[in-house]
Number of protein chains: 2
Amino acid sequence: MQNQVSNKELAALRAIRDFLMKNGRTPSVRELMKELDYKSPRSAAVILQSLIDKNILNKKEDGSIQLIQYEFNEDETTSEQTVKIPLLGAIACGLPILAEENIEAMIAVSTRLAKSPDKYFLLQAKGNSMNQKDINDGDLVLVKQQNSAETGDIIVALIDDEATIKELRVNNNNVVLLPQSSDKSHTPIILSHDFITQGIVVSTIPKIDN
Amino acid sequence: MQNQVSNKELAALRAIRDFLMKNGRTPSVRELMKELDYKSPRSAAVILQSLIDKNILNKKEDGSIQLIQYEFNEDETTSEQTVKIPLLGAIACGLPILAEENIEAMIAVSTRLAKSPDKYFLLQAKGNSMNQKDINDGDLVLVKQQNSAETGDIIVALIDDEATIKELRVNNNNVVLLPQSSDKSHTPIILSHDFITQGIVVSTIPKIDN
DNA sequence: GATTTTGCATACACAAATATACACCAAGAA
DNA sequence: TTCTTGGTGTATATTTGTGTATGCAAAATC
């Protein structure tokens, strides 16, 4: 339905995605220039502009760019059904978690992982507090949005304006969020019963290294 | 309607909050500089000023900064705020109960459980002398620090340099600390009237095993 | 075949935003 | 005093997005 993207634009999109995975944010014009081995920032800027014109990228108020759509699986041959899931970056204080300001990119995820009537989002895990549950620094975590959860679920909660991934333990009067780390410096978080679960982790996508 | 905060400002707010939770006070300009990996205090000061201009920070008369964002975050249902509460280990003889030597760890507790002007601490219950009140060996007990209590309160008292959790019964002339245990070997403790209450139990967190 | 156009990369420049170095002064502590 | 800590002013440096001009090869046009 959309404009065709050229090879160069596709290469730029890949570079942006890789940069996003590695650094947790989208690159600046000059950073993208280096990723694409250009010698002048103009080259990268021109490609960025054409992608913005094609509505594939968006430019936020502060100048940073945002991936509106990106196909995660490269090969078109296996025409698997996908849905676009927002990848959330830093959570802005006071805003709902899915506010547009928080969205770094839209990423296509197989409908086998994200089932249609439910709402999902993706987060990039920070730190190693969940490494015993195989969630490591930089991994993408697929989260199903729901505000109830049970003991033992790996949940996402907004604690002090930060998206936190922890194991939930519910008792009579209160709730404990447990880190699952071999690093013993992580302490549990103790909450009242009526705190707000943002969603539960349904899948993880290990970090891509190059 | 609300001024947009840039990525850098957001990072600064996070650093301020982290510092606040770790040290119990807001950072100075130079401390914030270190947290944000800047090389000149000016860089941090500029960001602070822009946050003050946007009414997200406030500067108190003594020069220290204040996060006013938290206030209008309280009634927003999206995020849960916490305070760091000290977990006390073995109580060292002769020292005030909250002396640094006694603190094992700082644990994040919801502000719904630990309300802001009051002081709190956490203790790990030993033995089973209170198991009828659902305080069992190894449970964490959230205690509000105060030196007065009423009959029926579950209190923490320092008896023989040991933190003791008991139910308080006040009579005319004396004070009785009652154990609440199905194990009948625990006997009440009878004290003169002017013993010192350290605090009253406001919540219990059952023991977590991994 | 010669010339022009087109697409793209490069070089350079410039303004605005950011970061740094350095300095000064005030307040407290030793 | 002297030393340290902390806030802030000034000048300079760096980063970043973007504008303009140039070079160059392939395609299009004459």
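Below, each value reflects all heavy atoms present in this structure, side chains not excepted, and no hydrogens, waters or symmetry copies. Throughout, protein chains are lettered first and strands after them, A, B, ... in sequence-line order, and every chain is numbered starting at 1.
- Counting to the nearest Å, the C1' atom of C:dC8 and the CG atom of A:Leu48 are 15 Å from each other.
- Going from atom CG of A:Asn7 over to atom P of C:dC8 covers 11 Å, rounded to whole Å.
- Remark: C1' of C:dA9 and CD of A:Glu9 are 15 Å apart, rounded to the nearest angstrom.
- OP1 or OP2 of C:dA19 has at least one side-chain nitrogen or oxygen of B:Lys8 nearer than 4.0 Å.
- The side chain of B:Ser28 has D:dG6 as its nearest neighbour among D:dT18, D:dT8, D:dG6.
- For the side chain to side chain donor-acceptor pair (under 3.5 Å) test with A:Gln180, the passing option among A:Lys166, A:Lys133, A:Glu167 is A:Glu167; the others fail.
- For B:Tyr38, the listed nucleotide lying nearest its side chain is C:dA19; candidates were C:dA19, C:dC12, D:dT8.
- Note that CD1 of B:Ile154 is 9.0 Å distant from CD1 of B:Ile165, once rounded to the nearest 0.5 Å.
- When the P atom of C:dC12 is taken as reference, atom CE of A:Met33 falls 14 Å away, rounded to whole Å.
- Taken to the nearest 0.5 Å, the CG atom of B:Leu168 stands 6.5 Å off from the CG atom of B:Asp153.
- When the side-chain nitrogen and oxygen atoms of B:Lys59 are compared with OP1 and OP2 of D:dT8, one or more of them lie within a distance under 4.0 Å.
- Residue-to-nucleotide proximity on DNA chain D shows that, of B:Gln49 and A:Arg30, the 5′-proximal contact is made by B:Gln49.
- For B:Glu31, counting side-chain heavy atoms from C-beta on, the closest listed nucleotide (C:dT10, D:dG6, C:dT20) is D:dG6.
- Between the side chains of A:Gln66 and A:Thr26, no donor-acceptor pair of N or O atoms lies under 3.5 Å.
- Closest to the side chain of B:Val29, from the set C:dA11, C:dA21, D:dG7, is D:dG7.
- Nucleic acid contact for A:Ser43: base, since at least one base atom lies under 4.0 Å from a heavy atom of the residue.
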